[in-house]
Amino acid sequence: MFEFNGVPFSTLGGIQALTGPKKNGKTWVGVFLSAAALSGNSEHTQNYLGGLLQTPDRTRKFIGHDIKELYIDTEQEEVNAMKTARRIHWLCGWDMDVPNERFKLVWLRSVEKDGITGEPAYERRKKIIWSAIENFEPDLVFIDGIRDIIGDFNNQEKASELIQGLMALAQKRNICIWCTLHLNPRPGNDDESKMRGHLGTELGNKVSDTLACFKQKIPNAVTFTVKQQDARGKDIEDFKFEITDDAGMLGIPKIIGHAPIIKDETVPDSDEDILKWLNIALTSCEWPMSRNQVKEKVFKKIGGQTNTGKLQADVVSALKKEFLVETTIKGKGGSFLVNIAEDLPF
């Protein structure tokens, strides 16, 4: 569902965890994730997420429609839950006073025990969440926080039952479900801190990714650091953010620190770019061409590539995927033609 600085995380069909000590910025990270999924890289998300945290276009194409999110708030007061929704709207470039059909926030803090049946509040919250997912059919679900849909978070059997239920739901619908749960910090060693109770143990064992958020107070300012504690793949880089006084004092999180992007010059350009450049060259260049001519006239002159490794990688990729084919036609030292078969998307 997401990438940070080109590193993918948050697998479709799985559950993920967002943790940290109490009042240490977990909900702000939820705002980041929500905006990245919903915005389509709006001007605000580019400016405030730094172009680093995003949902790739290939994921949107795979899903087949604009991403929909269900945001569940079980912890905050109603006014703060509404501020969360407005921050997400602002980052997406949406009207903050008009509901958007792709985003629904369900506020469940005020749910109480059923006075007639005696059903506890946590069971009622769970039923509401499952029903909302069934009816709204989201691609991304954010449960802030999961502790309020279970009675005893130290009951191993109940904890396992809840996590198994969330896993099954995510798999059945091929969606991402993010769960926030407080961290029991270990002073001086964030990496050894654990999420609360048996619920935290079960959640940590089953997630594909765990992000942890920590607050740092400095003179006249507060910053937050996000770390990846667990990952089935490559860890994303740590990053820092602060809360700005933008959007009419609403408070908008902004990424302020990250590792530099390192480009791999041995990785070829995208198939779409390679095909586009070859399609231009098909009518603007004389064919056949030699390998060096393809590098110079197609990928350097038309594609704008100057790195030697990148030029070589593009030629190899074009040959491997048969966008270019060898020919016996004699030309000016050339032996390659563009493959203009009808099944290629020129």
Step by step, would you call F9 with L211 a side chain to side chain contact (heavy atoms under 4.5 Å, CB included)?
CA-CA 10 Å; F9 68 102; L211 298 184; 4.2 Å; yes
Could you walk me through whether H44 and C92 pass the side chain to side chain contact (heavy atoms under 4.5 Å, CB included) check?
CA-CA 7 Å; H44 284 167; C92 290; over 6 Å; no
For side chain to side chain contact (heavy atoms under 4.5 Å, CB included), just list the numbers for L311 and V294, CA-CA rounded to whole Å, side-chain angles, deciding distance to a tenth of an Å, and then say yes or no.
CA-CA 9 Å; L311 290 169; V294 172; over 6 Å; no
Can you check side chain to side chain contact (heavy atoms under 4.5 Å, CB included) on R58 and E3, steps first, answer last?
CA-CA 11 Å; R58 64 178 180 274; E3 283 185 353; 2.4 Å; yes
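Side-chain atoms of T225 and Q216 form a donor-acceptor pair, as typed in the model, at a separation below 3.5 Å. Counting only N and O atoms by type, the side chains of Q305 and D314 include no donor and acceptor under 3.5 Å apart. No side-chain donor-acceptor contact under 3.5 Å links T19 and Q229.
To the nearest 0.5 Å, the span separating CG on L53 from CD1 on I236 amounts to 7.5 Å. E202 CD to S160 OG: the interatomic distance, rounded to the nearest 0.5 Å, is 4.5 Å. Going from atom CH2 of W178 over to atom OG1 of T210 covers 7.5 Å, rounded to the nearest 0.5 Å. Atom CD1 of I255 is separated from atom CG of N47 by 12.0 Å, given to the nearest 0.5 angstrom. Separation of atoms CH2 (W277) and CD (E272) is listed at 11.5 Å; rounding is to 0.5 Å. In this structure, CG in L108 is found 5.5 Å from CD1 in I129, a value given to the nearest 0.5 Å.
Scored by the side chain to side chain donor-acceptor pair (under 3.5 Å) test, K127 finds E119 as partners (sequence neighbours excluded). Among residues two or more places apart in sequence or in another chain, the side chain to side chain donor-acceptor pair (under 3.5 Å) test is passed with Q228 by D209. Residues that satisfy the ring-ring contact (aromatic ring centres under 6.0 Å, His included) test with W107, not counting sequence neighbours, are absent from this structure. With sequence neighbours excluded, no residue forms a side chain to side chain donor-acceptor pair (under 3.5 Å) with E242. Partners of R196 by side chain to side chain donor-acceptor pair (under 3.5 Å), not counting sequence neighbours: none found.
Contact record, D269 with I274: O-CD1, 3.6 Å, taken as the closest heavy-atom pair. For the pair T11 and C176, the tightest heavy-atom approach, listed with the atom from each and the gap, is O-SG, 3.4 Å. Scanning both residues, I63 and I67, for their nearest heavy atoms gives CD1-CG1, 4.0 Å.
Between R109 and E77 there is a salt bridge, since at least one side-chain N of the basic residue sits less than 4.0 Å from a carboxylate O of the acidic one. Using a cut-off of 4.0 Å between Lys/Arg side-chain N and Asp/Glu carboxylate O, E75 and K23 are scored as not salt-bridged. Contact check on D97 versus R86 returns a salt bridge, with a Lys/Arg side-chain nitrogen under 4.0 Å from an Asp/Glu carboxylate oxygen.
The list of ring-ring contact (aromatic ring centres under 6.0 Å, His included) pairs with a residue in residues 108-155, not counting sequence neighbours, reads Y71-F142.
V98 and I88 fall into different hydrophobic clusters, where Ile, Leu, Val, Met, Phe, Trp and Tyr are joined by side-chain heavy atoms under 4.5 Å apart, directly or via other members. Residues V316 and L324 fall into different hydrophobic clusters, defined by Ile, Leu, Val, Met, Phe, Trp and Tyr side chains chained together at heavy-atom separations under 4.5 Å.
The neighbour count for K301 NZ, taken as heavy atoms of other residues, nucleotides or ligands under 6.0 Å away, does not exceed 12. Counting heavy-atom neighbours within 6.0 Å of Q156 CD, excluding the residue itself, gives a total of 12 or less.
Proximity of a side-chain donor or acceptor of R60 to a complementary backbone N or O of A37 within less than 3.5 Å is detected. In this structure a side-chain-to-backbone donor-acceptor pair under 3.5 Å is missing from K206 to G14. The backbone N or O of E112 sits less than 3.5 Å from a side-chain atom of R124, completing a donor-acceptor pair. A donor-acceptor contact shorter than 3.5 Å is absent between the side chain of S317 and the backbone of A313. When atom types are taken as modelled, the side chain of R173 and the backbone of E137 share no donor-acceptor pair closer than 3.5 angstrom. Judged purely by atom type and a 3.5 angstrom limit, W287 uses its side chain to pair as donor or acceptor with the backbone of A281. For N24 (side chain) and K215 (main-chain N/O), a donor-acceptor pair under 3.5 Å exists by modelled atom type. Panel note: side chain T244, backbone I252; a donor-acceptor pair is recorded below 3.5 Å. For R102 (side chain) and E69 (main-chain N/O), no donor-acceptor pair under 3.5 Å exists by modelled atom type. Without hydrogens or angle criteria, N279 side chain to L275 main chain gives no donor-acceptor distance under 3.5 Å.
Classification of the F103-H89 ring pair by plane angle, with boundaries at 30° and 60°, yields perpendicular. The aromatic rings of F4 and F239 lie parallel to each other, with less than 30° between the two planes, well short of the 60° mark. Ring geometry for F224 versus F241: interplanar angle under 30°, hence parallel rather than tilted (30 to 60°).
Considering D73, T84, N80, L18 as possible partners of T27, the one that fulfils the side chain to side chain contact (heavy atoms under 4.5 Å, CB included) test is T84.
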